[in-house]
Amino acid sequence: MRHTISVLVENKFGVLSRVSGLFSGRGFNIESLSVGETIDPAVSLMTIVTIGDDQIVEQIIKQLNKLIDIIKVVDYMEVDHVEREMVLIKVAPKKNDKTEFLKIAEIFRGRIVDSGASTFTVEITGDEKKITAFIEMIKPFGIKEFVRTGTVAIAREGIKKTK
Amino acid sequence: MKISGAEILIDCLKKEGVKHIFGYPGGVVLNIFDALYDEKGLELILTRHEQAAVHAADGYARSSGKVGVALVTSGPGATNTVTGIATASMDSIPLVVFSGQVPTMLIGNDAFQEADIVGITRPCTKHNYLVKDIKYLAQTIKEAFHIASTGRPGPVLIDLPKDVTAGMTEYMQPKEVQLRSYNPTYQGNKWVIKQAAGMIAKAKNPVIMAGGGVILSNAAKELTELAKLTNVPVTMTLMGLGGFPGSHKLSMGMLGMHGTYYANKAVQSADLLIGIGVRFDDRVTGTTDSFAPNAKIIQIDIDPTSIRKNIRVDMPIVGDVKNVLKDMIKIIKDNKEKRPARTTWLKQIDAWRKERPLSYKFDKKVIKPEFVVEKIYEVTKGDAIICTEVGQNQMWAAQFYHYNWPRQLLTSGGLGTMGYGLPAAIGAQFANPKKVVFDIAGDGSIQMNIQELATAVLNKIPVKVAILNNGVLGMVRQWQELFFKERYAHTILHTDRVPDFVKVAEAYGAVGLRATKPEEVVPVLKESLKIKDRPVFMDFVCDWKEKVFPMVPAGAAIDEMIFDED
């Protein structure tokens, strides 16, 4: 199962390796990871996406909770939430395909952030499904390069999923 | 007034009640050692290897319940502590290890004797610190002692760059430790404890399985009361031995791979298993699918990660074992219904006990290692602190010595560290100067930290080292005999006394004794007890073919045991 886990941590050196060590120590891959400061600069928030057996993920979450520098862990599997990721994609459509490409980008609410003689760079934001769908759509136009921020997630107000 | 980081360190240690530090000096910790030089009331014991310093601190901690402290230099000094730290981590032993570090300016530059010890020990410490500024030093030490000794205990490492201990500052007393992210659960949920008490009352064939958590939480008294109150028989893991009196009629001894027949049978036939301070390690469960197949399982542990890690649990109770047992005892006592005597169940266990007791075949000509352990129990009247190495010696020490009080057996259960016993015995003797301390060793293991004889001799530490000398790496040889067609690949250590342990002992200034026949065993042991001012090596030349039984082979259920005659 795909799990999106948010980890509230003390903003100190070495915390990231403590967290990632719990995954690597079990031979677990992290699909994506994003880290940033919160409103309190002494606290950072990590959003981790991992794919794995539920029981092992449960064990990892318990182990995360046990780390001294970790304040709180939420597995979004159990919480109604919004997920977003941003991708920058550099595409080089052929001359005749440019209009078609721009139309698709518009449908997906992409924003052209750079354009040159031969390439466009599109910024696109959405959940994993939307981003995957967009990438599939524009593959035929010729993707030169793309870069993803990793998923971030936030809980919706007041609703809790019952298991 | 400004004082140095080294002086702050020493003041903090004294305020934590530290009396003994085990350590080894080096370049970047010179300031600390210099500050210790004039210090009264804080003794540094110089070991001969940093690994041994940590094991000694560990033996000190296990036998006393206090936090063990070690101090080493940077680079190789620090990396040498890793085995000791991992040993303590696996067995949840509270330690604070101080390692020197190159000056903060040089960190990351591959400086002389630099190692990223915080990175290296991250997975085998409960927590670790690099102190980058002298202003954090005192608070860090206070936090480290707090973290090491509370919740599920464990080792904490503090890395001290040279400029931090050499630097001067205005000393501010550290504040009370407040960690928003660290709040162990000490009280169990009352409702759940009540449910569990109800399950115990209803069970026909219940078994208590007690582990190291009972000893760490100082709950031996409560465990004994619970077992007596409810007439539930008790089996212990290796780490739990001593948590319940081994000579009590409700004790079934150790369970698991080399556990007793009756303990394993009882667990497999139980309708309720009460795991207290255990983590259901693979040496205990055999194949997990077939473990306690008919039992509902209650698990009491302070660490939520221990619960449901290896096996299913029907009634988890997160909390300190001592508190939970106290609450449970109160609930049981308040319940006025008659408590079951469980006569049939206890009779069944006695029948299993008679059917296959722990035994070995005595031989008039060759010394059987089990016989030596049995005689150690007799001559010490069951009142010695026993340390072990790892392998056959460890299992025989667990089987044939009866542990009647907690903190009596010190053994590397989780990591299985050969070379643990001798330094741990030295540490235990420092913490318990009036006790007789034995290290039950093999001729393989003892050579992994044999240099600590010097530490014992120079400090007049009268530890008794009983070497069950079979000339082989016995446990591995046993597996080769049983499962690898007697192909003894690299397990034969020597055939003509290399080394001669009596001469080794004498060379170090210790006493060396030897027994080659069964009738010499008791006189040698008695002789060793007379020596009060130096360590003794006893070379018991044993039957090299002797194996540890019963034994659960890999991949089997714990009642599928093999015995001597099979």
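Letters A, B, ... are given to chains in the order of the sequence lines, protein chains preceding strands, and every chain is numbered from 1. Bear in mind the structure is a predicted one, so any value in this text is a computation, not a measurement.
- Within 6.0 Å of CZ in B/R312 there are more than 12 heavy atoms belonging to other residues, nucleotides or ligands.
- In A/K90, the NZ atom is not crowded: 12 or fewer heavy atoms of neighbouring residues, nucleotides or ligands sit closer than 6.0 Å.
- Within 6.0 Å of atom CG in A/D53, more than 12 heavy atoms from other residues, nucleotides or ligands are found, so the atom counts as buried in its surroundings.
- Taking CZ of B/R180 as the reference point, atom CD of A/E10 lies at 4.0 Å (rounded to 0.5 Å).
- Counting non-hydrogen atoms of other residues, nucleotides and ligands closer than 6.0 Å to NZ of B/K135 gives a total of 12 or fewer.
- The environment of A/K144 atom NZ is sparse: at most 12 non-hydrogen atoms of other residues, nucleotides or ligands sit within 6.0 angstrom.
- Here the OG1-CG distance, from B/T305 to A/L64, works out to 11.0 Å after rounding to the nearest 0.5 Å.
- Only the side chain of B/R152 comes within contact range of chain A, with at least one heavy atom under 4.5 Å from a heavy atom of that chain.
- If you measure heavy-atom distances from A/L67 to chain B, the contacts under 4.5 Å come from the backbone alone.
- Using a 4.5 Å cut-off between heavy atoms, B/N183 does not touch chain A at all.
- Counting heavy atoms from C-beta on, the side chains of A/R18 and B/H127 come closer than 4.5 Å.
- Most heavy-atom pairs under 4.5 Å with chain B, from the set A/K66, A/Q63, A/K72: that is A/K66.
- Atom CZ of A/R111 has 12 or fewer heavy atoms from other residues, nucleotides or ligands within 6.0 Å.
- Both the backbone and the side chain of A/I68 come within contact range of chain B, with heavy atoms under 4.5 Å apart.
- Closest non-hydrogen pair, B/R122 versus A/G14, comes out as NE-O, 4.2 Å.
- The environment of B/Q187 atom CD is dense: over 12 non-hydrogen atoms of other residues, nucleotides or ligands sit within 6.0 angstrom.
- Closest heavy-atom contact between A/E58 and B/R308: OE2-NH1, 4.3 Å.
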